[in-house]
Number of protein chains: 2
Amino acid sequence: MNSPQRMRRATIRDVARAAGVHPSTVSRALGNGGQANALVNAETRARILRIAAELNFRPDIAARTLKTGQSHTVGVLLPDLTNPLFPPIVRGLEDRFAEDGFVVLLGNTDDDAQRGELVLEGLLSRGVDALVVATARRDGTQFLELSRRLPIVLINRVFDDQLVPSVATDEVAGVRMAVEHVYRLGHRRIAHVAGPQDLSTGRNRYRGYVAEMGRLGLTVEDSMVCRAGLYSPDEGSRCARELLQGPHERPTAIVAANDMLAIGCYQALHALGLNCPEDVAIVGFNDAPFSDLLSPPLTSIRFPHYQVGLEAAQLVLERIGDPSAPIKVIFLPPELVVRGSTCTKSTT
Amino acid sequence: MNSPQRMRRATIRDVARAAGVHPSTVSRALGNGGQANALVNAETRARILRIAAELNFRPDIAARTLKTGQSHTVGVLLPDLTNPLFPPIVRGLEDRFAEDGFVVLLGNTDDDAQRGELVLEGLLSRGVDALVVATARRDGTQFLELSRRLPIVLINRVFDDQLVPSVATDEVAGVRMAVEHVYRLGHRRIAHVAGPQDLSTGRNRYRGYVAEMGRLGLTVEDSMVCRAGLYSPDEGSRCARELLQGPHERPTAIVAANDMLAIGCYQALHALGLNCPEDVAIVGFNDAPFSDLLSPPLTSIRFPHYQVGLEAAQLVLERIGDPSAPIKVIFLPPELVVRGSTCTKSTT
DNA sequence: GGAGCGGTTGCAAACGATTGTAAGTTACAC
DNA sequence: GTGTAACTTACAATCGTTTGCAACCGCTCC
């Protein structure tokens with residue numbers, strides 16, 4: 001319980017001495033190198049393991065890293081952990097990585113190129129074995145360059161030329177599900193509160209809306225689309241008013257590009273004395289944690305963020321194992337969560 | 001642009017050769033050791049720095065760590081990053097650490113002792129220079145033990161004997177602010193929907209309620225307190241009904257131990273045909289991101305989570321710099337955010 | 001002119017693990 | 001009885017950096 005050398009951690013040499021073998025034998029016995037089983041006698045191995053446990057031995061990863069060049073560490077670059085999108089993704093990454101003894105080094109860039117460069121430096125000099133990149137900057141050239149040297153997996157962002165492995169959610173498919181959902185409920189005048197068009201999310205979701213309307217044989221009228229400048233309730237409210245108060249026939253359903261915008265739609269409906277879902281059905285996007293707390297609970301599109309993390313980690317591990325593994329680009333489908341804002345017979 | 005040895009990173013020896021000096025001189029010139037300025041001629045130093053930059057040299061942290069025993073890495077142990085409480089804290093930690101060239105290694109324990117042990121092992125064997133611990137388990141004995149070997153800072157949790165540096169929000173003060181707030185608005189029958197009493201948060205908040213009621217000269221009636229079994233809207237609703245429907249005189253204000261519970265109170269009020277804030281005022285706790293989206297917007301107590309991270313990092317750095325630095329225990333005060341659920345003349 | 005002294009730089013030994021290769025053992029077959 | 005193969009284990013070099021110590025240089029001062 002009170003081992004004598006409590007102050008300094010036991011090294012592989014201490015174990016070797018205690019077991020009466022050479023350090024190299026201990027190293028092989030612990031088999032963290034990989035080719036453990038064959039190179040050392042079963043009994044010796046058992047003895048070593050026992051003694052190592054007794055001495056509370058833990059290999060010094062820095063030493064191993066120096067020797068092998070493998071840090072068992074993966075850098076994760078993201079704009080801002082505070083964005084609720086990311087925690088589940090990071091969780092997914094960590095959970096999968098933990099299975100293989102990898103650990104995550106976080107770096108927040110705030111979408112600031114300079115800070116991003118600094119953080120990247122820090123990660124690289126710590127010898128990360130791979131990089132998971134979720135920063136949104138458009139020019140990924142530096143990562144293309146880097147990806148020749150170490151495995152890189154992109155998250156929520158694919159390069160157009162698809163030369164880099166990536167995992168993303170299928171936003172277009174998400175909006176299409178939303179539109180189809182209200183269509184099936186009988187709605188034909190389906191409006192869209194679009195997000196900021198300078199963000200990829202805003203653009204993609206708008207595209208999805210247009211695509212699905214087309215598929216359903218509905219025409220996209222200008223008066224049925226309003227572009228929000230921000231993902232905020234206020235902008236959502238403004239857009240909803242515009243859509244609902246125009247001279248044209250009123251829409252009976254609104255597909256919002258985001259839950260925040262959907263909340264704004266609620267406020268607008270309320271102000272105009274309209275009911276949801278009776279007068280106007282509303283569909284949000286993202287299924288934020290509070291979506292089911294609204295009244296009525298908001299029908300929304302949920303993304304498997306945790307899964308994204310899981311898959312990205314999987315991809316990383318595959319490529320670490322075999323750097324020439326095929327470059328995969330994975331799209332994860334979203335899920336439609338139906339709640340009271342589109343169906344009167346709501347659950348709960 | 002296309003340096004010859006692009007595949008292997010330049011080492012300190014490469015720089016030395018290019019500069020015509022000994023590696024040790026380069027090491028000193030780069031001065032990452034600390035005592036840079038004095039030991040090497042200014043001109044030589046300039047030349048070395050220039051060449052190092054040209055060669056795109058980045059020190060191998062693993063090697064440095066092995067030699068110096070300092071990894072410039074801090075482990076952060078928390079139950080679940082997905083809990084919205086944590087991202088801002090982690091952000092705060094990272095931001096402060098980044099200033100000093102430290103980086104954060106995350107470990108999620110899920111409040112599972114076994115997993116926690118495993119994660120801790122992983123962090124320790126990676127030679128973290130310090131630990132920030134936010135896991136909630138009651139027995140911190142292992143950390144007390146550990147804290148003799150490396151700096152440990154506790155977050156949102158202080159040991160009763162205060163032998164460990166820690167940063168926490170002052171929950172008791174928070175509830176007191178909430179109670180005082182409604183008192184000032186004229187309420188005298190102030191009820192409390194308490195959180196689970198087996199969680200420190202639940203207990204502390206309950207204590208705060210009792211303390212402030214006492215200070216205000218109000219008696220705490222049993223019928224004015226209801227204990228929720230979970231931090232969920234359903235439990236909040238159950239408790240609110242119990243408080244509002246009992247045989248006793250109805251409370252005019254409810255201080256909930258958590259925003260989730262407060263949402264439950266909303267639902268109960270709605271079901272009973274009562275209005276908020278006219279009939280009953282409600283105060284939440286935590287100021288969750290959705291609190292201002294509710295109708296009416298929820299008055300709540302906001303905690304400076306980001307600040308907690310900042311302060312914790314500061315504490316860690318202080319103790320790394322001087323392990324015998326005094327043990328500080330920092331309480332950060334919360335902030336009362338007044339919204340529509342307590343005042344009819346609500347902002348927005 | 002030699003001792004002493006800053007100011008610089010080189011030398012070499014670490015840090016703790018991994019791993020190719022050599023050496024030792026045993027058993028077996030010829 | 002020895003050659004061979006299969007197993008085990010020991011040896012020693014190595015990863016890239018830091019750092020105590022020695023060495024060197026050009027001075028000044030006695």
Inset, instruction - Output, in order, the C-alpha distance, side-chain angles, deciding distance and verdict of side-chain contact (heavy atoms from CB on, under 4.5 Å) for B:Leu106 and B:Leu81. - result: CA-CA 9 Å; B:Leu106 268 194; B:Leu81 185 62; 4.0 Å; yes
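Spacing between atom CD1 of A:Ile12 and atom C1' of D:dA12 amounts to 15 Å, rounded to whole angstrom units. If you measure from atom CG of A:Asp60 to atom P of C:dC15, you get 12 Å, rounded to the nearest angstrom. Separating the CD atom of B:Glu43 from the C1' atom of C:dT8 is a distance of 12 Å, rounded to the nearest angstrom. Whole-Å rounding puts the B:Leu66 CG to C:dA14 P distance at 13 Å. Whole-Å rounding puts the B:Gln70 CD to D:dT17 P distance at 17 Å. Remark: P of C:dA17 and NE2 of A:His72 are 15 Å apart, rounded to the nearest angstrom. In this structure, NZ of A:Lys67 is placed 15 Å from P of D:dA12, rounded to the nearest angstrom. The separation between B:Ile61 atom CD1 and C:dC15 atom P is 21 Å, rounded to whole Å.
Each end of the helix from C:dG1-D:dC30 to C:dC30-D:dG1 yields a helix axis from five base pairs, and these two axes differ in direction by 70° (to the nearest 10 degrees).
Partners of A:Ala130 under the side chain to side chain contact (heavy atoms under 4.5 Å, CB included) rule, at least two apart in sequence or in another chain, are A:Val74, A:Pro151, A:Val316, A:Ile320. For the ring pair (Phe, Tyr, Trp, His ring centres under 6.0 Å) test, residues two or more places apart in sequence or in another chain that qualify with A:Phe303 are A:Phe285. Residues satisfying the side chain to side chain contact (heavy atoms under 4.5 Å, CB included) criterion with A:Asp100, sequence neighbours excluded, are A:Arg96, A:Phe102, A:Leu317. Under the salt bridge (Lys or Arg N to Asp or Glu O under 4.0 Å) criterion, A:Asp80 pairs with B:Arg91, sequence neighbours left out. In this structure A:Val119 satisfies the side chain to side chain contact (heavy atoms under 4.5 Å, CB included) test together with A:Leu77, A:Arg115, A:Leu123, sequence neighbours excluded.
Checking the phosphate oxygens (OP1, OP2) of C:dT18, a side-chain nitrogen or oxygen of A:Ser27 falls inside 4.0 Å. In terms of phosphate contacts, B:Arg64 brings a side-chain nitrogen or oxygen within less than 4.0 Å of OP1 or OP2 of D:dT18.
With C:dA17, D:dC15, D:dT17 as the choices, the nucleotide that has an atom nearest any side-chain atom of B:Pro59 turns out to be D:dT17.
Legend: side chain to side chain donor-acceptor pair (under 3.5 Å) pairs involving residues 304-313 of chain B, not counting sequence neighbours, sorted by first then second residue: B:Asp95-B:Tyr306. Sorted pairs that involve residues 110-135 of chain B and meet ring-ring contact (aromatic ring centres under 6.0 Å, His included), not counting sequence neighbours, are lacking altogether.
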Sub-3.5 Å pairs of nitrogen or oxygen atoms, protein against nucleotides 9-11 of chain C:
| from | atom 1 | to | atom 2 | distance (Å) |
| --- | --- | --- | --- | --- |
| C:dT9 | OP1 | B:Thr44 | OG1 | 2.7 |
| C:dT9 | OP2 | B:Asn41 | N | 3.0 |
| C:dT9 | OP2 | B:Thr44 | OG1 | 3.4 |
| C:dG10 | OP2 | B:His22 | N | 2.7 |
| C:dG10 | OP2 | B:Thr25 | OG1 | 2.7 |
| C:dG10 | N7 | B:Ser24 | OG | 3.4 |
| C:dG10 | O6 | B:Arg28 | NH2 | 2.5 |
| C:dC11 | N4 | B:Ser24 | OG | 3.2 |

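One N or O on the side chain of B:Thr68 and one on the backbone of B:Arg64 form a donor-acceptor pair closer than 3.5 Å.
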